[in-house]
Amino acid sequence: MNTGSTNVDDTFRERTVFVAGGTSGINLAIAHGFARRGARVFVMSRSQDKVDAAVAELRGTAAAAAGYAADVRDYAAVEAAITACRDTFGTIDVLVSGAAGNFVSPAAQLSANGFRTVVDIDLVGTFHVCRAAYEHLTRPGASIINISATQAINPMPGQAHVCAAKAGIDALTKVLAIEWGPAGVRVNAIAPGPVDETEGMARLTPTAAHRDRVLQAIPLRRYARLQEIADTAAFLSGPAGANFNGAVLVCDGGQSTLGSGAFAAAWAEAEAAST
Ligand code: HXC
Ligand code: NAP
C-alpha cells in the first residue's frame, strides 16, 4: 500500500488507536492515517500473517505498532486483544471497529449460516469490540468509530445479509452514543460507498463492466479513495470532530442521495450482462 511516509501532523501523538479488522483495505488505511498523525496503532484480525505484515508496514510510519490475531466473533479473544493493547500501550484513545465479511448472494439462495456469518462478523463483532473495549477507553475524550456502509440505507440485491448487518451497526452506534456520551466516550460511524482498491469492491464489482455501470450511478462518477476514509476517521476523532456523537457520516460521492434505486439497478444490470 502506498502510505505516504510524511507525517500530516501530530494530533494523535501519545494516543493509542485500536483497529479491529485493521490488517487490510480501508481499515489498514485508517490505521496508517492515525499513524501519520503521530499515534501508536494496534491492529487485530484473524490471520496472524496479515497481522504481522500490517504491523511491519505500520512501523514505518507509526510512533509504535503492535497487533494480535483474533476473530471478532469470539468475545474472549476480542477481550484478550484489548488487554494486549492496554498492556502494550497503556491507553486506548480511539477504537475503530471495521472487521467485515461480504459476498454476493440472492436471499433465496443464501443459507441460514451464510446470513448468520455476515451478521456475526459485522454486527455482533462490532458489539463485541465496543463492549470489550469500553471499560478500557480513555475518558473523557475517547472516540469510537464503527465502519458501516451505504448498504445500511440503500437496499441492494444480493446483499440482504450485509444490508441487515450494516443497518444494525448504525442503530448500535446511535444507542451507544446516547449511553456512553455522558461518560465522555463519543461513538460515530462512517458509511462509505464504493471505495477504490478494496476487497469489498473486488467482490461487488468483479468486472470492468460492473465498475463502469456502477460509476454512472454515483454523481461524482468516482469511487472514494482510501485516504479520504482515513482522513474522515481522523477528523471525527480529532478536535474538529469533538461535538460529533451518534453521527453516521456517509462518504459516497452522492450515491445515496439518489436513493437505492439507481445503484441497485446499475449493479443488477451489470450482473445480468455478465451472466
Ligand atoms: C453464498 C456463501 C458464500 C458465497 C460463503 N458463503 N461464501 N454463500 N455465496 N459466495 C456461506 C458458506 O457457504 C457458509 O454457509 C457460510 O457462508 C460461512 O462460510 P465460511 O466460508 O465457513 O465462513 P468464514 O470462513 O467465516 O468466512 C467468512 C466470509 C469470507 C464472509 C464468508 O468471505 C470472509 O472471510 N470475508 C472477509 C473478507 C471480506 O469479505 N472483505 C470484504 C468486506 S467489504 P453454509 O450454509 O454452507 O455452512 C464489505 C462491504 C462492501 O463488507 C461495501 C461496498 C459498497
Ligand atoms: P478487507 O480488506 O477485506 O478488510 C476486512 C478486514 O477485516 C481484514 O483485515 C480482515 O482480516 C478482517 N476480518 C474479516 N473477518 C474478520 C473476523 N471474523 N474477525 C476479525 N477480523 C476480521 O475489506 P474492505 O473492503 O477494506 O472493507 C473494510 C471495511 O469497510 C468493512 O467494514 C466493510 O464493510 C467497509 N466498507 C467497504 C467498502 C468498500 O468499498 N470496500 C464500502 C463500504 C464499507 P482477516 O482476513 O485477517 O481476518
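FYI, side chains are in, hydrogens and waters are out, and symmetry mates aren't considered; it's all heavy atoms of this structure.
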Donor-acceptor under 3.5 Å (Arg86 side chain, His136 main chain)
yes

Does CD in Gln216 sit with more than 12 non-hydrogen atoms of other residues, nucleotides or ligands closer than 6.0 Å?
yes

Say whether, by atom type as modelled, one donor and one acceptor occur between the side chain of Lys166 and the main chain of Ile147 under 3.5 angstrom.
yes

Between Asp52 and Gln48, is there a side-chain donor-acceptor contact under 3.5 Å, judged purely by atom types and distance?
yes

Do we see a donor-acceptor contact under 3.5 Å between the side chains of Asp9 and Thr11?
yes

Specify the closest pair of heavy atoms between Ile82 and Ile92, including all atoms of both residues, with the distance to one decimal.
CG2-CD1, 3.8 Å

Side chains of residues 93-110: which donor-acceptor partners sit under 3.5 Å, not counting sequence neighbours?
| residue | atom | partner | partner atom | Å |
| --- | --- | --- | --- | --- |
| Asp93 | OD1 | Thr138 | OG1 | 3.1 |
| Asp93 | OD2 | Thr16 | N | 2.7 |
| Asp93 | OD2 | Thr91 | OG1 | 2.9 |
| Ser97 | OG | Thr126 | OG1 | 3.4 |
| Asn102 | OD1 | Gln159 | NE2 | 2.7 |
| Asn102 | ND2 | Gln159 | OE1 | 3.2 |

Within the side chain of Asp196, is there an N or O that forms a donor-acceptor pair under 3.5 Å with the backbone of Arg225?
no

Can you list every ring-ring contact (aromatic ring centres under 6.0 Å, His included) pair that touches residues 225-245, not counting sequence neighbours?
Phe235-Phe244

Following the transitive rule for hydrophobic clusters with a side-chain heavy-atom cut-off under 4.5 Å over Ile, Leu, Val, Met, Phe, Trp and Tyr, establish whether Leu172 and Trp180 coincide in one cluster.
yes

Counting N and O atoms only, with roles assigned by atom type, does the side chain of Asp10 sit under 3.5 Å from a partner on the main chain of Arg13, one being a donor and the other an acceptor?
no

Tyr75 atom OH, over 12 foreign heavy atoms within 6.0 Å
yes

Should we say atom CG of Asp87 is surrounded by more than 12 heavy atoms from elsewhere, each under 6.0 Å from it?
yes

Would you say CZ of Arg139 has more than 12 non-hydrogen atoms from neighbouring residues, nucleotides or ligands within 6.0 angstrom?
yes

Just checking, any donor-acceptor pair under 3.5 angstrom between side chains of His32 and Gln227?
no

Check the side chains of Ser256 and Asp252 for a donor-acceptor pair under 3.5 angstrom, ignoring hydrogens and angles.
yes

Counterpart residues, ring-ring contact (aromatic ring centres under 6.0 Å, His included), relative to Phe12 (two or more places apart)
Phe34

